[in-house]
Amino acid sequence: MDDLAGKHIVLGLTGGIACYKAAELCRGFVKEGATVQVVMTDAAAQFITQVTMQALSGRPVFGSQWDAREANNMPHINLSREADAIVIAPCSADFMARLVHGRADELLSLMCLARPIERVPLLLAPAMNREMWAHPATHRNMAQLAQDGATILGVGSGFQACGETGDGRMLEPAELLEDIVAFLQPKPLRGRRVVVTAGPTFEAMDPIRGITNHSSGKMGFAIARAAREAGAEVTLVAGPVHQPTPRGVRRIDVQSARQMLDATVGAVAQADVFVATAAVADWRPAMQSEHKIKKDGSGPPTVAFAENPDILATVAQSDRARSRELFCVGFAAETRDLLANAQAKRARKGIPLLAGNIGQLTFGQDDNQLLLVDEQGTQELPRAPKLQLARTLVAEIARRLAPVRP
Ligand code: C5P
């Protein structure tokens, strides 16, 4: 996807072994459609060459405030004015200390100081040894930087280049990319809480077998990601799927419909929005055998079914949903007559908004197309990657919410 299309990112590298990850991050920015201008400190150049970063960004790298390539000889002004965001990755402990003091004796800190502070966000991806990360001076500096308007992107934990293990590693390039894409998205759900169900459920027959369906969870995971990007606090109740958890999303894994109901009811008590994308099994085996049902020569077993709770309908009937404190959105996977079925389902479930899709065109796929049905009428969202559709759906939900009470 072109998640950063039209964006110009200034990528600043400071001295640290995590510079090798900055090469991958730079590639990630370019792949997502951004133009990238790399600026490196002298210390960064000890770890990775300007040649590498120029090749990956497709632009000559800047490293000095005396760079005469700029006609006015003011790279710190020109580079910072062009940027949609300045990302410092890796950001060393020393560089944070320099930013705290507003130092301006080398190009990168000079450029950060000279940036139009209201218009050009500064994002920092710290990278350092665990003791440096834990040091009170680092914490003091980070608090000051946050107060001065910088965004600190967090760190990873684990094995460090110095041989020690702990917090302070730079986040992986894919993690940083997801966080930076999220940062640059509009925030219509800031201050809201969103709960999403996703994936199939698994209804056990015995400890080994059960019934389930082909839902991949991709649409629900994309909605959870899009809601988080839009500024919401997101809980994702997921059936058994193989999808990575979107960054910044709280995930609760469940198996059966009844477990999904319990987790969802708990989570929606505080929520503003509930989006039911899960393909919940309508029925479960009425009896669950404690041990494996054996093939004992007496023929196949007869399986009786019991009806599962309808999670969406249950939540939609709660007082908070009826009074519109909780805005409920359902999905309908149909094989035909999408419009009529979607309208009927919206009415039957008692929800303000429903997204219809054709089962065969969505299950397991990366793309989908949606038909939004509400009280006013219908709206088609043409075939597109699920994340793109999820972002549109989230914007549509946000538009329909009552304003946040002061
Ligand atoms: O009734 P049907 O399964 O077609 O409705 C689909 C919608 O209801 C989806 O939003 C789905 O997540 C939700 N649902 C549910 N619990 C069920 C069945 C469906 O939440 N047991």
Side-chain angles (χ1 to χ4, degrees), residues 194-204 210-224 226-227 234-241 243 252-269 271 273-286 305-318 320-321 326-364 368 370-374 381 386 389-390 393-394 396-397 400:
V194 175
V195 176
V196 182
T197 62
T201 60
F202 181 85
E203 311 295 335
I211 57 167
T212 185
N213 59 63
H214 285 307
S215 169
S216 64
K218 282 181 184 169
M219 193 68 227
F221 275 60
I223 291 168
V234 182
T235 303
L236 175 61
V237 183
V241 291
Q243 301 292 338
I252 304 174
D253 283 316
V254 296
Q255 294 279 319
S256 70
R258 288 182 295 174
Q259 289 170 351
M260 189 175 271
L261 176 70
D262 287 348
T264 303
V265 167
V268 294
V273 177
F274 173 49
V275 187
T277 52
V280 183
D282 291 320
W283 305 285
R284 65 177 182 277
F305 286 98
E307 188 151 342
N308 266 331
D310 188 320
I311 300 167
L312 176 57
T314 307
V315 172
Q317 279 156 23
S318 66
R320 294 191 61 242
L326 173 64
F327 187 88
C328 293
V329 184
F331 266 71
E334 303 295 339
T335 53
R336 60 180 177 172
D337 298 335
L338 183 58
L339 177 59
N341 281 320
Q343 282 170 328
K345 193 159 291 180
R346 188 184 84 82
R348 197 169 65 241
K349 304 249 179 192
I351 51 173
L353 180 64
L354 184 132
N357 51 190
I358 297 290
Q360 315 86 289
L361 298 181
T362 177
F363 273 23
N368 193 8
L370 296 179
L371 180 70
L372 301 190
V373 181
D374 72 1
L381 307 186
K386 285 181 174 173
L389 289 171
L393 177 61
V394 160
E396 289 295 328
I397 293 169
R400 289 165 169 84

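Whatever order the structure lists ligands and atoms in, that order sets their numbers, starting from 1. Count residues from 1 along the sequence.
- To the nearest 0.5 Å, the span separating CD on Gln343 from CZ on Arg348 amounts to 13.0 Å.
- One finds the CG atom of Leu354 at 8.0 Å from the CZ atom of Arg346 (value rounded to the nearest 0.5 Å).
- One N or O on the side chain of Lys386 and one on the backbone of Thr362 form a donor-acceptor pair closer than 3.5 Å.
- Using a 4.5 Å heavy-atom threshold, the side chains of Leu393 and Leu353 count as touching.
- Residues lining ligand 1 at a heavy-atom distance below 4.0 Å are given as Ala276, Thr277, Ala278, Val280, Pro309, Asp310, Ile311, Leu312, Gly330, Phe331, Lys345, Lys349, ordered by chain and residue number.
- Remark: side-chain polar atoms of Asn213 are not paired, donor with acceptor, to backbone N or O of Pro200 under 3.5 angstrom.
- Side-chain atoms of Pro352 and Asp374, non-hydrogen and from C-beta on, never get closer than 4.5 Å to each other.
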